Amino acid sequence: MSSPEKWTHPGPDAAPATAAKPTAEQVIAGLRATDEGGADLVQLLTPEGERVQHPDFDIDITGEELRGLYRDMVLVRRVDREANALQRKGQLGIWVPLLGQEAAQIGAGRAMRPEDMAFPSYREHGIAWTRGVKPTELLGIFRGTDNGTWDPVATRFHPYTIVIGNQVLNAAGYAMGQKFDGKVGDADGEATICFFGDGATSQGDVHEGFVWAAVYDAPLVFFCQNNQWAISEPTERQSRLPLYQRARGYGFPGIRVDGNDVLATLAVTRWALEECRQGNGPILIEAFTYRMDAHTTSDDPSRYRLSDELELWKLKDPIERVKVHLVKQQWADQAFFESIEAEAEQIAIELRDYCVNLPDPPAERIFSEVYAEGNPVLEAQRDEFLAYHAGFAGGEH
């Protein structure tokens, strides 16, 4: 087997690297090689806020629609930043930031129709927003008080999945059901979209999902948010070729889109979902983006990535490029931007107040949702635990 160090073809003078910690030269080489996502990248709005044309994908967007997308991204980022701060204050056990990935999520989420189904991992706070899930409904998961309080049937948004890649199998099965039920094949058809990160592409569950979806022509869009880092491992440590090209091995199309471009993401995802509704699925989308914060609040990215890398990607901020374009087109003025900032602050206040006042669940909650029906063994364990717990009433414990 070849050494992993050879995968990135470092220069002759480069220092050797380990799998856990690539050298600075390797990181920079990998970053430069994929800085703009490659020749196949679909982009409609540059980091400088300029509209560009693409031969296969384009989108007509009005000022009102673009203002709506801008509002989505700003509010979702504010929710994310507030939840991050709440974790630092001890109000949440953990938080999973989405900073920098707002365009990928809002673009994909707004491409969905009401009847489409979404399967998230644990970072899809922007998708949740587009499906009508209130930000407060996410907090219980990370505070440890519930598993998410939204209705996945009504919102068409599955509960968060913590196990890496497991949601891909769930999504493949659901999409196969759509196919078996005859909900595919015309403009009124349904589709499913599944979200996962670049790190998940190294999991067996993801590949099994690819196989089953391909074999059954499932109406499933695989949406990979390639944020460059699977916790502390760069993408170049996981694949010898761009992730979207992996789809070819399973027999379905793959496409790479600028994940920091909300217009390109919207256009590509809208196309992919329509292809699936017509029975031409599955399709893999690689949204080429960047995680501008830690993997989770328990992670320290300064231990494995360079500050220069982060500074480079800040210049490609997904929100700023939309703001610049709105100003250039004279589609928004200062009053509009100030109104969005005020709305964002109000949402942060409401989120903070809700989190601080979340009630602790009753002790029996640990046992109440293990099985759909009663179980004698579990009930005996519950009674024993509650009796033990009651013994501390009024005392120190």
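No experiment lies behind these values; they were computed from the predicted model shown.
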Closest non-hydrogen atom pair, L284 against C224: CD1-CB, 4.4 Å

Whether over 12 other heavy atoms sit under 6.0 Å from Q334 CD: yes

E369 with R365: basic N within carboxylate O range, under 4.0 Å: yes

Geometric class of the W150/Y160 ring pair [parallel <30°, tilted 30-60°, perpendicular >60°]: perpendicular

Any side-chain heavy-atom pair of R237 and S232 under 4.5 Å: no

Same apolar cluster: L138 and F119, side chain cutoff 4.5 Å: no

Passing candidate, salt bridge (charged side-chain N to carboxylate O under 4.0 Å, His left out) with R71, options E343, E341, E102: E343

Nearest atoms (heavy-atom pairs only) where A118 meets I127: CB-CG2, 4.3 Å

N84 side chain reached by R88 side chain, heavy atoms, under 4.5 Å: yes

Side-chain H-bond candidate by donor/acceptor type, N260 with T289, under 3.5 Å: yes

Residues, nucleotides or ligands: over 12 heavy atoms within 6.0 Å of R248 CZ: no

Derivation of the side-chain contact (heavy atoms from CB on, under 4.5 Å) call for T136 and E350: CA-CA 8 Å; T136 52; E350 295 172 0; 5.9 Å; no

Q43 and D261: side chain donor to acceptor below 3.5 Å: no

Y250 and F210 aromatic ring geometry - parallel, tilted or perpendicular at 30°/60° bounds: perpendicular

E309, Q228, Q101 screened by side-chain hydrogen bond (donor to acceptor under 3.5 Å, both in side chains) with Y290, the one that passes: E309

Minimal non-hydrogen separation, P301 against R291, with atom names: CB-NH2, 4.0 Å

hydrophobic_cluster_shared for L45 and I255, side chain cutoff 4.5 Å: yes

Which atom of T161 lies closest to which atom of Y122, heavy atoms considered: O-CD2, 3.5 Å

Donor-acceptor pair, side chain of H125 and main chain of V96, under 3.5 angstrom: yes

Y244 with L220, same ILVMFWY side-chain cluster at under 4.5 Å: no

Audit row: I285, I193, side-chain contact (heavy atoms from CB on, under 4.5 Å) steps and yes/no: CA-CA 10 Å; I285 297 174; I193 183 167; 5.8 Å; no

Residues, nucleotides or ligands: over 12 heavy atoms within 6.0 Å of W212 CH2: no

Closest non-hydrogen atom pair between P242 and R256, with its separation: CB-NH2, 3.4 Å

R123-H295 side chain donor-acceptor pair, cut-off 3.5 Å: yes

Note, V322 side chain near L326 side chain (heavy atom, < 4.5 Å): yes

N226 versus T235, side-chain donor and acceptor atoms under 3.5 Å: yes

Residues E82 and R78 bridged, charged N to O under 4.0 Å: yes

F195 and F223 aromatic ring geometry - parallel, tilted or perpendicular at 30°/60° bounds: tilted

Donor-acceptor side-chain pairing of E48 and T46 below 3.5 angstrom: yes

CA sep, side-chain torsions, deciding dist, call: R156, D116, side-chain contact (heavy atoms from CB on, under 4.5 Å): CA-CA 7 Å; R156 309 291 285 171; D116 295 332; over 6 Å; no

Cluster check L99, L139: I/L/V/M/F/W/Y, side chain < 4.5 angstrom: no

Pairwise side-chain contact, Q238 with D198, heavy-atom cut-off 4.5 Å (strictly under): yes

Separation of Q87 CD from T297 OG1 (nearest 0.5 Å): 3.5 Å

Geometric class of the Y304/W229 ring pair [parallel <30°, tilted 30-60°, perpendicular >60°]: tilted

same_hphob_cluster(W95, I162) at 4.5 Å side-chain heavy-atom cutoff: yes

Test item: D181 and E190 side chains (from C-beta on) under 4.5 Å apart, heavy atoms: no

Heavy-atom side-chain proximity of I319 to R77 below 4.5 angstrom: yes

For the student: nearest non-hydrogen atoms of S121 and Q167, plus distance: CB-NE2, 3.4 Å

From CA spacing to verdict: salt bridge (charged side-chain N to carboxylate O under 4.0 Å, His left out), E311, K314: CA-CA 5 Å; E311 293 304 314; K314 283 182 179 180; 3.2 Å; yes

Side-chain ion pair, E274 and R277, N-O less than 4.0 Å: yes

Side-chain heavy-atom pair I340, K323 within 4.5 angstrom cut-off: no

Side chain proximity check, E65 to R110, heavy atoms < 4.5 angstrom: no

Intermediate values then yes/no, side-chain contact (heavy atoms from CB on, under 4.5 Å), I61 and L69: CA-CA 10 Å; I61 195 81; L69 294 172; 4.2 Å; yes

H207 side chain to T201 backbone, donor-acceptor under 3.5 Å: yes

Cation-pi geometry met for K179 and Y216 (6.0 Å, 45°): no

